Amino acid sequence: MQDTPQRLLIIDDDEMFCHVLDRAMTRRGYEVVVARDAQEALSLARQYRPALATLDLKLEHESGLKLLPELLEVVPECRIVILTGYSSIATAVEAIKLGAVNYLCKPADADEVLAAFEKDDGDPQIEVADQPPSINRIAWEHIQKVLQEHDGNISATARALGMHRRTLQRKLQKRPVRR
């Protein structure tokens, strides 16, 4: 353990998740601050200059991907891990391109989060799936990719996909399809 605790900024709109991760990381010797939205996150980042941050991909009214470069502009040395219950290949690739050091699917515990901060290199031994993803998973991935291309704009994404906006909203409210 270090002499001075490392500062960790948790950015998530899920109050219970924040509480659990805050307690777990505090017990591990980290100085934790919690933000529930982008504005609060940027303010706390300026004030506390965290070494580490977890960033929810889907904040209530904002995209974590839009916040990621802004955070790195405020605290360039901060190591940021994206956490999400709405994982997709498109968002994982974009998160890494935008400067995240890792990307984890929720639920993730404190040990997994810490391991994600420490892992700098890829793992060539990672297991490759025996079967391709299901058609439902491919559809989910495509929707996420088009949504990302339209900067999270639901109406523009629905038009691009040729579906009704409400249909798209219902699909987005569901959890991502597993393989």
Side-chain angles (χ1 to χ4, degrees), residues 1-14 16-60 62-129 140-141 144-145 147-149 151-152 175-176 178-179:
M1 191 138 83
Q2 304 133 282
D3 293 338
T4 57
Q6 271 193 309
R7 290 187 175 143
L8 168 67
L9 173 58
I10 298 171
I11 308 162
D12 203 302
D13 56 0
D14 181 336
M16 183 56 71
F17 177 79
C18 288
H19 177 72
V20 170
L21 188 58
D22 180 350
R23 285 186 56 209
M25 297 304 248
T26 300
R27 271 190 249 125
R28 286 169 173 79
Y30 289 84
E31 181 183 327
V32 180
V33 289
V34 177
R36 301 270 195 278
D37 60 40
Q39 185 177 351
E40 185 180 15
L42 291 170
S43 174
L44 289 172
R46 282 184 194 95
Q47 184 178 356
Y48 289 101
R49 316 273 319 151
L52 307 170
T54 62
L55 173 57
D56 189 10
L57 180 67
K58 189 175 180 186
L59 297 168
E60 189 169 336
E62 300 145 319
S63 164
L65 289 180
K66 287 185 178 179
L67 178 56
L68 180 56
E70 294 177 53
L71 279 171
L72 288 172
E73 193 173 303
V74 172
V75 191
E77 66 281 2
C78 187
R79 295 179 59 79
I80 301 172
V81 170
I82 297 289
L83 296 174
T84 184
Y86 299 88
S87 64
S88 74
I89 293 168
T91 56
V93 169
E94 290 305 314
I96 300 305
K97 283 182 179 178
L98 290 169
V101 296
N102 221 319
Y103 181 101
L104 290 178
C105 299
K106 288 180 181 176
D109 64 27
D111 292 331
E112 291 169 318
V113 171
L114 288 175
F117 281 123
E118 294 171 7
K119 189 169 182 182
D120 286 324
D121 299 322
D123 182 2
Q125 302 303 319
I126 195 161
E127 207 170 297
V128 177
W140 171 262
E141 295 279 347
Q144 294 298 314
K145 178 179 177 278
L147 184 63
Q148 180 64 33
E149 289 169 357
D151 297 322
R175 289 274 182 211
R178 296 281 176 211
R179 297 236 162 236

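Since the structure is predicted, the reported quantities are computational estimates derived from the model, not experimental observations.
No donor-acceptor pair under 3.5 Å is formed between the side chain of Tyr103 and the backbone N or O of Val93. Counting only distance, with no hydrogens or angles, the side chain of Glu62 and the backbone of Ala38 share a donor-acceptor pair below 3.5 Å.
When every heavy atom of Tyr48 is checked against every heavy atom of Arg7, the shortest pair comes out as O-NH1, 2.8 Å. Nearest heavy-atom pair, Glu112 versus Pro107, reported as atom, atom and distance to 0.1 Å: OE1-O, 4.0 Å. The shortest non-hydrogen separation linking Thr54 to Val113 is CG2-CG1, 3.7 Å. Closest of all the heavy-atom pairs between Asp12 and Cys18 is O-SG, 3.4 Å. The two residues Leu55 and Leu59 come nearest to each other via the heavy atoms CD1-CD1, 4.5 Å. Here the shortest heavy-atom pairing between Ile96 and Ala100 reads CD1-O, 3.5 Å.
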query = Please walk me through it: do Leu71 and Ile11 pass side chain to side chain contact (heavy atoms under 4.5 Å, CB included)?
reply = CA-CA 11 Å; Leu71 279 171; Ile11 308 162; 3.4 Å; yes
key: side chain to side chain contact (heavy atoms under 4.5 Å, CB included) evaluation trace for Leu67 with Leu42   = CA-CA 8 Å; Leu67 178 56; Leu42 291 170; 3.8 Å; yes
key: Asp151 and Lys66: CA distance, side-chain angles, deciding distance, salt bridge (Lys or Arg N to Asp or Glu O under 4.0 Å) verdict   = CA-CA 9 Å; Asp151 297 322; Lys66 287 185 178 179; 5.3 Å; no
task = Starting from the C-alpha separation in whole Å, work towards a yes-or-no answer on side chain to side chain contact (heavy atoms under 4.5 Å, CB included) for Asp37 and Asp13.
result = CA-CA 7 Å; Asp37 60 40; Asp13 56 0; over 6 Å; no
task = Let me see the working for Phe17 and Asp56 under side chain to side chain contact (heavy atoms under 4.5 Å, CB included), right down to the final yes or no.
result = CA-CA 11 Å; Phe17 177 79; Asp56 189 10; over 6 Å; no
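Taken to the nearest 0.5 Å, the CE atom of Met16 stands 6.5 Å off from the NE2 atom of His19. Once rounded to the nearest 0.5 Å, the distance linking CD of Glu60 with NZ of Lys58 reads 10.5 Å.
In this structure, Arg28 pairs ionically with Asp111, as a charged nitrogen and a carboxylate oxygen lie closer than 4.0 Å. Note on Arg79 versus Glu118: no salt bridge recorded, every NZ/NE/NH1/NH2 to OD/OE distance being 4.0 Å or above.
Counting heavy atoms from C-beta outward, Leu114 and Met25 have side chains that approach closer than 4.5 Å. Using a 4.5 Å cut-off on side-chain heavy atoms (C-beta onward), Val33 and Pro50 make no contact. Put simply, the side chain of Glu70 does not reach to within 4.5 Å of the side chain of Val74, judged on heavy atoms.
Atom CD of Glu40 is surrounded by more than 12 heavy atoms from other residues, nucleotides or ligands within 6.0 Å. Other residues, nucleotides and ligands contribute over 12 non-hydrogen atoms within 6.0 Å of the CZ atom of Phe117. In the displayed structure, Arg23 atom CZ is contacted under 6.0 Å by at most 12 heavy atoms of other residues, nucleotides or ligands.
The residue from Leu8, Leu9, Val32 that alone fulfils the side-chain contact (heavy atoms from CB on, under 4.5 Å) condition with Leu52 is Leu8. Tested against Leu98, the residues Leu72, Ile82, Leu68 include a single side-chain contact (heavy atoms from CB on, under 4.5 Å) partner, Leu68.
No hydrogens or angles considered: nothing links the side chains of Ser87 and Thr84 as a donor-acceptor pair under 3.5 Å.
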